[in-house]
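What follows is one structure encoded as structure tokens, with my remarks underneath.
Just so it is clear: chains get the letters A, B, ... in the order the sequence lines come, proteins before strands, and each one is counted from 1.
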Amino acid sequence: MADYLKKIILNSIQKILGETFSIEIKLEKPKIKEHGDLSTNVALAIAKQLKKNPISIADQIVQKIEIEKSIIEKIEIEKPGFINFFFSKNFYHNELKNILSHGNDYGKNKFQNKTANVEFISANPTGPLTVGHGRNAVIGDTVANILEWNGYKVTREYYFNDAGRQMKILGESVRLRYLQIGGEKIIFPDDYYQGNYIIEIAEKLKSEFGENLKEEKIFKEKAETEIFSDIKKTCEKLNICFDIFFNEHKLYKEGKTDEIINEFKKNGSAFEKDGALWLSSNILKSEKDKVIVKSSGEPTYRLPDIAYHREKIRKNYDLIIDILGSDHIATYPDVLAGLCALGEKTNHIKVLIHQFVTILQNGEIVKMSTRKANFVTLDELIDEVGSDVVRYFFLMRSIGSHLNFDLTLAKTQSDENPVYYLQYAHARIASIIRFASEQGISLNKDADISVLDSESEINLIKLLTQFPILLQNISINFEIHLLCEYLHNVAGEFHKFYHENRVVTENENLTSARLLLCEATKTVLGNGLKILGISTPEKM
RNA sequence: GCCCUUGUAGUUCAAUUGGAUAGAACUGAAGUUUCCUAAACUUCCAAUACAAGUUCAAUUCUUGUCAAGGGUACCA
């Protein structure tokens, strides 16, 4: 529709200013409905170039426009020089039919045939997932869903490292607790993992192997498998499932990191100093050189990160997405620069940074640290308020906003959570359709919908038809909160329609038409909720 | 110190990335159910941190001040 209009507008402009005149025409959906369905500011832009009165330019453009009356009802010129287009009801009635014919696939873009990799959470298995990880998890999974709806084949990936210093301390923490249980007097260091889950793992070891375990390796391994299994369970509760768990260790084993070191040395990107290997500031966009291999021989995170991303690039995904917390904001440019220095293309790597979640409990900020075990686990939260609420809460805000999560509020006021507003609309529609069928009225897709004429009916249809474009936009800008906002508006518009119009009445034509509008609304709400990973209740 | 985010109703967040009258939710005040789900609807109160600048137009861009979070490691 927008493309069609653009062509016609440009045509008209060229009639006035000559065939060669060219300008980008932006069409926007105005905020208020008095300004029409689509609007353009070209007249303002041209007026600036030509230093003429924008209104008179707009006037000329409109006069030369040739348009089909069945699609555009009227065109208006407004104040500074906007040109506003009003679509016909007929156009929207056809759009409604379109929704109904696509059903559960409405909004899908099937023709892309591309692949994408979305990496998210990627927390090392040193403890249960925290509420902070929850935001990352839900964003990642939803981005993946959006891409799937836009025709991508998506791989969900979790990257972890079980060989670092943290993991060593984790193993030691378990071992000390194990010895403690066995009755030994142990001083448990402050900077070891304090959580109760460590003691539970130690107890499991004791009941499985008795009290005489010596082998250090087994403490760490047990901790890893236990914690990972918990992490997976937590993800399952949120309906999140990974295709690949990628262990950093694989990169060393297969020589991927050595390979990169050699290439860096060869092309002058890296140099040795003080017994360490440094990545030169020449290739980084920073002032300082950065260490990639410590003088101890161990690599810093930069090296395996570069190697890992190179592996992903080599799998030829059309799109590679990293979901990271804001603490990584300074590190990913180094990784990208490193990849460039290796001659890799990074245009298709998209890094989405989300701000942290601040947890408030009883009005106080809770500082979280896995080490100190003063975190609130994601698991607890899900058990408390449910998966739907957790997902919606993390998704409804733009990822760039620092969001405050008031636990006390979330727990006590869960009934007033906005997610129920959406689900209620869905359930309400289901109930209406149920009621109709009890009266012997079933959905008739061939019913005449031109009787849908009132403001609330047309407004609802208008909103529904925006769904596919919205999904397409989100697959490019990844502003997933816009989907939440949109669905909220759909629910609101539906409730308004419901209060102003009775669906099941004596009037058969009207009943059939309104039932179809209900069905279309249910379709859009249902599809949207599915993308958000939220359930679509038939009853509440 | 330097760098990156972010400052919007009492509170938590939006605003099609330069558009027209800044939208919601919660809270507070007042209403709506003999009728398909009142977890709903309808009113009302209320905000762009501060100060300059750029222009037809600034919450959005630039500069400064103030405040919050993160980074600034041979930690991840």
Side-chain angles (χ1 to χ4, degrees), chain A residues 26-32 34-35 39 41 44-45 47-48 53-54 78-82 84 122-124 126 161 164-167 248 273-278 286-288 290-302 304-305 325-331 333 353-358 360 365 393 396-398 400-406 409 413 415-425 427-436 438-439 466 469-470 473 477 479 481-482 484-485 488-489 491-492 494-496 498-505 511 514-515 518 539-540:
Chain A
K26 271 166 71 182
L27 280 168
E28 286 181 336
K29 183 168 59 64
K31 280 180 196 162
I32 49 176
E34 282 77 17
H35 292 149
S39 167
N41 64 347
L44 289 161
K48 194 172 188 176
N53 180 0
E78 205 63 50
K79 272 188 273 177
F82 291 102
N84 299 331
S122 294
N124 285 339
T126 57
N161 170 24
R165 215 188 74 201
Q166 290 180 45
M167 291 300 289
E248 181 181 316
K273 192 179 84 180
D274 306 330
L277 190 68
W278 299 70
S286 81
E287 320 269 294
K288 292 180 198 162
K290 302 276 174 68
V291 171
I292 51 173
V293 182
K294 301 186 237 175
S295 52
S296 64
E298 293 170 72
T300 67
Y301 68 88
R302 287 184 192 89
D305 269 16
S326 62
D327 52 341
H328 285 76
I329 199 150
T331 70
I353 303 276
H354 65 87
Q355 292 296 327
F356 279 158
V357 183
T358 308
L360 292 166
I365 295 173
F393 196 92
M396 66 192 286
R397 265 79 233 233
S398 84
S401 72
H402 301 265
L403 81 79
N404 285 336
F405 199 119
D406 191 325
L409 206 71
Q413 296 200 333
D415 276 2
E416 288 172 0
N417 195 292
V419 70
Y420 296 120
Y421 188 74
L422 307 187
Q423 294 180 316
Y424 181 63
R428 194 179 226 184
I429 296 170
S431 163
I432 294 169
I433 295 172
R434 228 179 290 133
F435 176 82
E438 280 162 19
Q439 309 291 312
Q466 288 163 23
I469 301 162
L470 179 74
N473 286 341
N477 62 23
E479 307 258 19
H481 68 286
L482 294 178
C484 295
E485 202 178 72
H488 186 87
N489 289 337
F494 175 77
H495 287 311
K496 201 178 287 176
Y498 175 86
H499 278 270
E500 289 176 16
N501 308 283
R502 203 183 148 79
V503 177
V504 181
T505 61
T511 301
R514 286 186 176 155
L515 272 177
C518 287
K539 271 184 191 173
M540 275 177 87

Nucleotide of [options] approaching [X] most closely (side-chain heavy atoms):
| X | options | value |
| --- | --- | --- |
| Ser431(A) | A40(B), U37(B), C13(B) | U37(B) |
| Arg428(A) | U17(B), A39(B), A38(B) | A38(B) |
| His481(A) | A20(B), U37(B), A15(B) | A15(B) |
| Ser326(A) | G70(B), A20(B), C75(B) | G70(B) |
| His328(A) | U37(B), A39(B), A76(B) | A76(B) |
| Asn124(A) | C74(B), A76(B), A40(B) | A76(B) |
| Val504(A) | A76(B), C36(B), U37(B) | C36(B) |
| His488(A) | A24(B), C13(B), A40(B) | A24(B) |

Rounded distance in Å between the [atom1] positions of [N] and [M]:
| N | M | atom1 | answer |
| --- | --- | --- | --- |
| U27(B) | G70(B) | C1' | 31 Å |
| C50(B) | C56(B) | P | 26 Å |
| U62(B) | C44(B) | P | 37 Å |
| U8(B) | U48(B) | P | 11 Å |
| U16(B) | G28(B) | C1' | 32 Å |
| A67(B) | A30(B) | C1' | 38 Å |
| A51(B) | A15(B) | P | 25 Å |
| A49(B) | U12(B) | P | 14 Å |

### Query
Is the closest side-chain heavy-atom distance between Pro54(A) and Pro80(A) below 4.5 Å?
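With C-beta onward as the side chain, the pair stays apart.
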### Message
When you compare the side chain of Met396(A) with that of His488(A), does any pair of heavy atoms fall below 4.5 Å?
### Response
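Of all side-chain heavy-atom pairs linking Met396(A) with His488(A), none is under 4.5 Å.
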Taking atom types as they are modelled, would you say the side chain of [X] forms a donor-acceptor pair with the base of [N] within the 3.5 Å cutoff?
| X | N | answer |
| --- | --- | --- |
| Ser295(A) | C74(B) | yes |
| Asp327(A) | G70(B) | no |
| Thr358(A) | A68(B) | no |

Could you tell me whether the phosphate oxygens of [N], OP1 or OP2, come under 4.0 Å of any side-chain nitrogen or oxygen in [X]?
| X | N | result |
| --- | --- | --- |
| Lys79(A) | U21(B) | yes |
| Lys294(A) | A73(B) | no |
| Tyr421(A) | A24(B) | no |
| Lys290(A) | U72(B) | no |

Counting any heavy atom closer than 4.0 Å, what does [X] reach on the DNA or RNA strands: base, sugar-phosphate only, or nothing?
| X | result |
| --- | --- |
| Asp274(A) | base |
| Asn404(A) | sugar-phosphate |
| Gln355(A) | sugar-phosphate |
| Ile292(A) | nothing |
| His495(A) | sugar-phosphate |
| Ile329(A) | sugar-phosphate |
| Pro304(A) | nothing |
| Asn53(A) | nothing |
| Lys288(A) | sugar-phosphate |

### Message
Please compare Asn161(A) and Phe356(A) by the position of their nearest nucleotide in RNA chain B and report the one closer to 5'.
### Response
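Taking each residue's closest nucleotide, the earlier one in sequence belongs to Phe356(A).
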### 5' precedence on RNA chain B between Ser401(A) and Ala430(A) (nearest-nucleotide basis)
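Its nearest nucleotide lies further toward 5', so the answer is Ser401(A).
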### Summary
Secondary structure of RNA chain B per the Watson-Crick/G-U criterion (both distances under 3.5 Å; [ ] crossing, | other strand, . unpaired) is (((((((..((((.....[...)))).(((((.......)))))....(((((..]....))))))))))))....
### Inter-residue atom distance His35(A).NE2 - Glu28(A).CD, 0.5 Å rounding
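These two atoms lie 12.5 Å from each other.
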### Query
Rounded to the nearest 0.5 Å, what separation is found between the NZ atom of Lys26(A) and the CG atom of Leu44(A)?
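With rounding to 0.5 Å, NZ (Lys26(A)) is 11.5 Å from CG (Leu44(A)).
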### Query
Glycosidic conformation of U21(B), syn or anti, with 90° from 0 as the boundary?
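Here the answer is anti: the torsion falls beyond 90° from 0.
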### Query
By centroid distance (under 5.5 Å) and plane angle (under 30°), are His402(A) and A68(B) in a stacked arrangement?
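Not stacked: fails the 5.5 Å / 30° test.
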### Query
Would Phe82(A) count as stacked on A20(B) if the rule is ring centres under 5.5 Å and plane angle under 30°?
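Check passed, Phe82(A) stacks on base of A20(B).
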### Task
Using the six-membered ring wherever Trp is involved, compare the ring planes of Phe494(A) and Tyr498(A) and label them parallel, tilted or perpendicular (cut-offs 30° and 60°).
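Plane angle between 30° and 60°, so tilted.
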### Heavy-atom closest contact (Gly492(A) atom, Tyr421(A) atom, distance)
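Smallest heavy-atom distance, with atoms named: CA-OH, 3.0 Å.
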